[in-house]
Structures are given as C-alpha cells and as structure tokens.
Number of protein chains: 2
Amino acid sequence: MTSVGNERNLTIRDVAQRAGVSISTVSRVINGKKVRDELQVNVQRVLNELNFRPSAVARSMVRGRTQTVGVLVEDISSSYYAEMIKGIERILERTGHHPLFKSSHWNLQLEEEALQVFLDHNVDAIVVVGGLISEARLQDLAARMPLVLVGRGGVSVDAPTINLDQRGGAYAATRHLIELGHRQIVHIGGPTTQEDAVARRLGYLDAMSDHGLEVRPDWLCEGDFLETSAFRATMQLIENSTPFTAVFAANDQMALGVTLALHRKGLRVSDDVSVVGFDDLPVSAYVVPPLTTIRQPAQQVGELAAHAAVSLMAGEPAQLAPLELKLIVRESTRALRR
Amino acid sequence: MTSVGNERNLTIRDVAQRAGVSISTVSRVINGKKVRDELQVNVQRVLNELNFRPSAVARSMVRGRTQTVGVLVEDISSSYYAEMIKGIERILERTGHHPLFKSSHWNLQLEEEALQVFLDHNVDAIVVVGGLISEARLQDLAARMPLVLVGRGGVSVDAPTINLDQRGGAYAATRHLIELGHRQIVHIGGPTTQEDAVARRLGYLDAMSDHGLEVRPDWLCEGDFLETSAFRATMQLIENSTPFTAVFAANDQMALGVTLALHRKGLRVSDDVSVVGFDDLPVSAYVVPPLTTIRQPAQQVGELAAHAAVSLMAGEPAQLAPLELKLIVRESTRALRR
DNA sequence: ATACAAACTGAAAACGTTTTTTGCAAGTGG
DNA sequence: CCACTTGCAAAAAACGTTTTCAGTTTGTAT
C-alpha cells in the first residue's frame, strides 16, 4: 500500500538525488520541458514513487505569481453572495486558480484590511463586490494589478465592471404591481448607504411617477436587507392603519419578513396584499406562496467576474457580456380585486 | 496625499538602503525585536513613509508556516455550511490566520484534489467538514499536521472531532410529533451516502418503535437534501393516497419542499399536516408558517472547529465543548385534531 | 577527421524574507 | 590594563523552487 501525499516535506533535491540527476532536470520534468527520454521516464518514476508535489510557496516565490485570486464580498454566508461565489469557484477551478474569500461585513476598515491581506499574499487578481472602498483607492489598485469590480455602478475606475440595472429591475417590479391594478404600493428599501438600495428605491419612484401615482411618505420604509427589519416595518404600517395593497421589498429576505408580518396580522399574501421581492434566492421559489421577484443571475455574475479576472491575468482585455434582470412572476402577486 | 499600499514591489532591501542599515535590522524592526532606539525610530519612519509590507510568500517560505487554514466543505453556498464558515471566519480573523475555503460538491475526487491543494500550499491546519474521504486518508493527514474533523461521526481518527447528536435530534423531532398525537408520520430523508442522513433516519425509526408505532414502508422516502426532491416525494405520497398527518424532513430545505407540495395539493401546514425540519436555517423562522425544526448551532460549530485548529497549531490539545441540538417549536406543528 | 551547430544537462543565481553566525565596540571584574 | 562578557548590527546561510548561463555531449556537414 502506498501512502498518499508527500511523505515528510520532500524537496526537489530528494528527488534529484534518488534519480541521480540535478535538481534542474527534475524541475524540467515537473514542468514538462524537454529532457532526454531516458531521464524523463526515470525521474517521472521517482516522482511517482515518492508522490512528490512541488511546494506552491516556493514556486510563487520565484515565479512572482501565486495562482490565487482575492475575492472580497460583504458576507460570504449571505445567500446572494454565496451564489456568486459558487460561480466564481466554478470558473477558477478550471483555470487552476484558487479563490481566497474574505468578508468585509459592511465595514470599511475590514474591507481595507482584507485588501491588504490580498496584497500581502501577492494574489494575482482581485475581485471586489460592492463595498465602501473609495474610488481613488480602487483606481490605485487597478493601476497596479488585475482588478474586477462588481456592483459598483457609479465608479469610473479603469477596470472591468459588472453591473446589473438595479434601477430598471425595481422599475419592472413596481410596474408589475401597477399593471395588476395596485395603486397603494409600499416600498421597503435597503440601507441608504448601499448603492443598490438607493438604485432600487429610485426605480420604484420612477415607476410610480411615470404612472402618475403619488407616493405617500409613509410608503417609503428603510430596512437593512434582513428579514426582521421588514417584519417590523410592516407591523408598524398595519398598526398605523397605513393603507396599502402591495409591497415591493428591496430583496427577498425582506419580502419574507413582510410576508410573515402579514401572516401575523391575519392578512394573506396575494389574496389581501401582493408582495414582490428582489434577487430570486434559491429559497424563494419554495416559500408559500412562491415569491414573485426580480431574478439576479448571481451565479452568472460570479462566472463573468471570474472570467474577467482570468482574462486580465492573461494580459488580455476582459469582455463583459451584459446580464439582464428578469421579472419572475409567481404566486405572491395577483390582480387587485376591487 | 499618501498613496496606500506598497508602491511597486518594494523589498526589505529598499527599506534598508533608504534607512542606511542592513536588511537584518529592518527585519528585526518589522518583527518587533530589540534594536537600538535611534535605529528603531529611523527604520520605522522609512517603513511608514514607504508604506512597506513584507511579502507573506517570502515569509512563509522561510518560516515554514503560512498562517492559512484549509477548510473543506461540501458546498460553500449552501446555507448550513455558509453559517459554519461565518463562525470559522470570525475566530480565525482574531488569530491572524486566513481560511482557504474549498467546496467538494459531494465528489470524492474533488475532495481529494482540494486536500492536495491545501497540502501544496502548505496550510498550517485543515478542517474537514463531512465528506467522503476515507478514514485511512484522514488518519494519514492527522499524523502529519493539525486536522479537525466536523460531522464525521463514526471515524476513529486521532484528531479532534466535532459531532452533533444527529440521531438524538431526529428522535426529538419525531417524538415532538408523536407527543402532539400524530401516529402517521412520514420521514423524508437525505441521501443514504451521507452519514448525517442515515443517523437522522435511525433517530426517526428509534422514536417510532420506542412508542410502539409501526412504520409503513412508504413513509420512508429518500431525498437529496434539496427542496425539489422533497416536493416530488410529497406530491407522490398524496397522489398515492398514502395516509399521513405529519412529516419529518431531514433538513429545512426539504421541509420547504414538503410545505410547497402540501400547498399545491390544497393542504395547509399545521392545520392539516404538521411539518418538522432540521437545521434551523436563518430563513426558517420567517417562512409561513414559521418552521418547527431542530436547531444545529452551525456558527458555533464553526467557531469550535476554528478554535480547535488554532489550539492544534499552537501545539496545545484542542478542547471541545459539547454542542447540543435543540428542538425549536414554531407554528408548522400542532396537536392532531381528531 | 574537423569544425561547428544543436541539444541537452548541471551549476549557480535569483526570488524576499528570517535566522544563525560573525564581528566589533563597549562594559566589567580582576 | 588585560581578559572576558555583553549587546547589537552586519554578513551570510537558509527556505524550495525556476531560470539563466556555461559547459558537455552528440550529430552533421564539409
């Protein structure tokens, strides 16, 4: 039985000795460069026997590249980012790169530290998803190494940027409700510090005003993208007897909060109040009733970002296929009964 | 305005030159070792001016340690693992270690490759969560470096292992239903290749037999831990007119699938059929009706695993506080009306 | 056979640190 | 005043590779 893995920190030198050649030759065999056939097979045999694997660290040292890509997101464990990460994993796996994930938890300092870690570890490229890092800092970074930006709509940084039309998506969500006959539509938004959240609110306002609908101030609520905040906001709304027949929540998690609040107050989703979310989390198709929402192709975003990073690392320009948001109509919305 | 980050691949040598000292002295200052005060401040000044940060790669090379921990899970983007990862992140962040996450997607070969990557990159410790890797291989690994196992109930490997009593949890879930008066209880299990899935099924069977209840063969369904499989199974059950008043699903995702199927068939959860899940995902408290489930303290598991890894790296024995599963009663279960 | 190119191998340098060793100056005890 | 520590900084070795450079062998054409 051959034990798997390098026995105990073998080096290329051990291999060389055992094969009776120089370390250069071993290196060449490992890297598939031309070597006399006889030596080639001999060294290869020893390589297999010892189950030798060259140290990635030493390699990185001399090559100046590490085959790693730093990926900075707000929160690895949040469904939306998790989906994106899946896409990134899938692509990088193929190209032999290794993603290094860090969460910044909506905290600028943590974000900066994570970037520093990436730099210290000499990653070959960085993918920044959202976040609070300043434009100047990003520009600085982009000038020095491959950088891909995701969901940073406004910035004018010299780096490939992947953006989805959040405002348009929100517009479509709101219009859907309007077309169903709703006039009294509440919007529960995300934190105004987040770009996406404000874009979605703008989309909501656009749609309302385009259709000649007045927006009552108390229809504009601010949440934090988590269920509880939307739950509370909705409870308030009902307790204040604010009139509304539909809710557009800025993400699916908050839409769930809304749904639960309605349930608690004895109202039924879609029969009494229509609800639209945003994101299309994997779970959204399975809640009761299945949630009408705007699908963000999170995995594809991740794949696209990874592809862009790979291109950049290869010295090629990144080409970005445009990605679309799409309204997914399920059962949480229905025509207003009158 | 000082630009952030190393200008362009500065080395310790540049610092030394600019400060008029040897590189050894710079190294000592960086590492906080004793140096004449005058030099210390001088070097420190240059260090700040240049915004110098030593190369982690070079450091790893010579120190033989990388400050990284390999973490192998089935699927980063699956809620349960994502929660665990959050716990791991939190702890390792404090100790200055960096987690390197890999997903194996329930595939032995990918799993082996991920381990190989960890080894190649010379991680200081490895955390293996679940998975199919053979016991022998794990033992091999444990002998060579700090290894922490999570959710590998059966193995007798010389490494700290964190396990939750899956069988007991399933027993509690089932007993809860029985105590509510249910007699006809369906179990939708996970894939039998997974340890946790079989343990949960055993717990269900234990509880049934302990209470003198016969289990009809068609009450034992096998799913794949995803919503759809449970949805299909439940639809089948109803279409076959299999009698049941309650369902114990082996995880929350499948419980959602069950719920949706019931909804589709015009049955209402808790009024007509009680449903219990397993995991207590963040979302489970917010679905309608909120799901009764067995809480797995995923974040705590992650924290515990990380702590264990840190101890091991420090050469100390890991101490494992036992973690408990807990029945969380919400609104998806209620006493059988008769 | 001889000169020269081609093909390949081994020695050595390099990557950027930390750590060990060496060297020097100042301090201390007799 | 000498021998001997002590304290500290510089020089050098080491980490495990890849790559450059020089040297050796082999082959080929004259």
Side-chain angles (χ1 to χ4, degrees), chain A residues 5-44 46-47 50-68 96 116-117 119-124, chain B residues 5-44 46-47 50-68 96 116-117 119-124:
Chain A
N6 329 356
E7 282 318 338
R8 50 171 55 258
N9 292 2
L10 287 175
T11 84
I12 203 177
R13 221 168 294 274
D14 301 314
V15 180
Q17 186 173 357
R18 196 140 153 182
V21 297
S22 75
I23 61 168
S24 333
T25 301
V26 176
S27 173
R28 279 187 270 259
V29 171
I30 291 174
N31 295 289
K33 306 207 170 148
K34 218 159 170 45
V35 159
R36 180 154 41 102
D37 283 0
E38 177 193 342
L39 291 187
Q40 143 77 27
V41 305
N42 181 26
V43 171
Q44 194 54 258
V46 176
L47 244 25
L50 298 181
N51 211 319
F52 176 82
R53 313 246 356 201
S55 152
V57 177
R59 243 180 195 183
S60 300
M61 173 97 240
V62 56
R63 293 220 259 231
R65 276 168 299 112
T66 53
Q67 300 290 102
T68 57
Q116 212 38 274
V117 170
L119 260 21
D120 291 350
H121 280 73
N122 204 21
V123 299
D124 295 342
Chain B
N6 330 353
E7 281 320 337
R8 48 169 61 257
N9 292 3
L10 287 174
T11 83
I12 203 176
R13 221 169 294 274
D14 301 313
V15 179
Q17 188 173 356
R18 197 142 151 181
V21 298
S22 75
I23 61 169
S24 338
T25 301
V26 176
S27 173
R28 278 188 275 259
V29 171
I30 291 174
N31 294 290
K33 303 203 171 153
K34 219 167 166 38
V35 159
R36 182 152 42 99
D37 284 0
E38 176 193 342
L39 291 186
Q40 142 77 27
V41 303
N42 182 27
V43 171
Q44 193 54 258
V46 176
L47 242 27
L50 298 181
N51 212 318
F52 175 82
R53 312 245 0 199
S55 151
V57 177
R59 227 172 213 192
S60 300
M61 174 95 239
V62 54
R63 292 220 259 232
R65 276 168 299 112
T66 54
Q67 300 290 104
T68 58
Q116 213 35 276
V117 170
L119 260 21
D120 291 351
H121 280 72
N122 202 23
V123 299
D124 296 341

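Within every chain, numbering begins at 1; the chains are lettered A, B, ... in the order of the sequence lines, protein sequences first and strands thereafter. Note that this is a predicted model, so its numbers are computed, not measured.
Remark: S55(B) is not in phosphate contact with dG16(C), judged by side-chain N or O atoms under 4.0 Å from OP1 or OP2. At the phosphate of dA10(D), OP1 or OP2 sits under 4.0 Å from a side-chain N or O atom of T25(B). Contact annotation: R36(A) reaches the phosphate of dT9(C) (side-chain N/O to OP1 or OP2, under 4.0 Å). Between dT9(C) and K33(A), no contact under 4.0 Å exists linking OP1 or OP2 to a side-chain N or O. Between dG16(D) and T11(A), no contact under 4.0 Å exists linking OP1 or OP2 to a side-chain N or O.
Among the protein residues, S27(B) comes within range of the nucleic acid bases, having at least one heavy atom under 4.0 Å from a base atom. Note on L39(A): only backbone sugar-phosphate atoms sit closer than 4.0 angstrom, heavy atoms only; bases stay farther off. Residue V57(A) is classed as having no contact, given no heavy-atom separation below 4.0 Å to the nucleic acid.
Closest to the V62(B) side chain, of the nucleotides dT17(D), dG16(C), dT20(D), is dG16(C). In the set dA9(D), dT17(D), dG10(C), dA9(D) carries the atom at the smallest distance from any side-chain atom of V35(B). The side chain of I12(A) sits closest to dT18(D) out of dC8(C), dT18(C), dT18(D).
The shortest heavy-atom contact between A58(B) and S55(B) is N-OG, 3.0 Å. Closest approach of Q67(A) to G96(A), counting heavy atoms only: NE2-O, 3.4 Å.
Following rounding to the nearest Å, D14(B) (CG) and dG16(C) (C1') show an atom-to-atom distance of 11 Å. Going from atom CE of M61(A) over to atom P of dA14(C) covers 13 Å, rounded to whole Å. Straight-line distance from the CG atom of L10(A) to the P atom of dG16(D): 11 Å, rounded to whole Å. Atom pair F52(B):CZ and dT18(C):P shows a separation of 8 Å (rounding to whole Å applied). Per the geometry, CD1 belonging to I23(A) stands 9 Å off C1' belonging to dA12(C), to the nearest Å. Remark: C1' of dG16(C) and CZ of R59(A) are 19 Å apart, rounded to the nearest angstrom. The CZ-P distance, from R13(A) to dA11(C), rounds to 11 Å in whole Å. In this structure, N9(B) places its CG atom 18 Å from P of dA14(C), rounding to the nearest Å.
Using modelled atom types, no side-chain atom of T66(B) and backbone atom of S60(B) make a donor-acceptor pair closer than 3.5 Å. N31(B) contributes no side-chain N or O that, together with a main-chain N or O of R28(B), makes up a donor-acceptor pair within less than 3.5 Å.
Taking 4.0 Å as the cut-off between side-chain N and carboxylate O, D124(A) and R65(A) do not count as a salt-bridged pair.
In this structure the side chain of F52(A) reaches within 4.5 angstrom of the side chain of I30(A), judged on heavy atoms.
Between K34(B) and R65(A), the residue whose closest nucleotide on DNA chain D is further toward the 5' end is K34(B).
One N or O donor and one acceptor, one from the side chain of S24(B) and one from the base of dA11(D), sit under 3.5 Å apart. The base of dA14(D) is not paired with the side chain of R63(B) by any donor and acceptor separated by under 3.5 Å.
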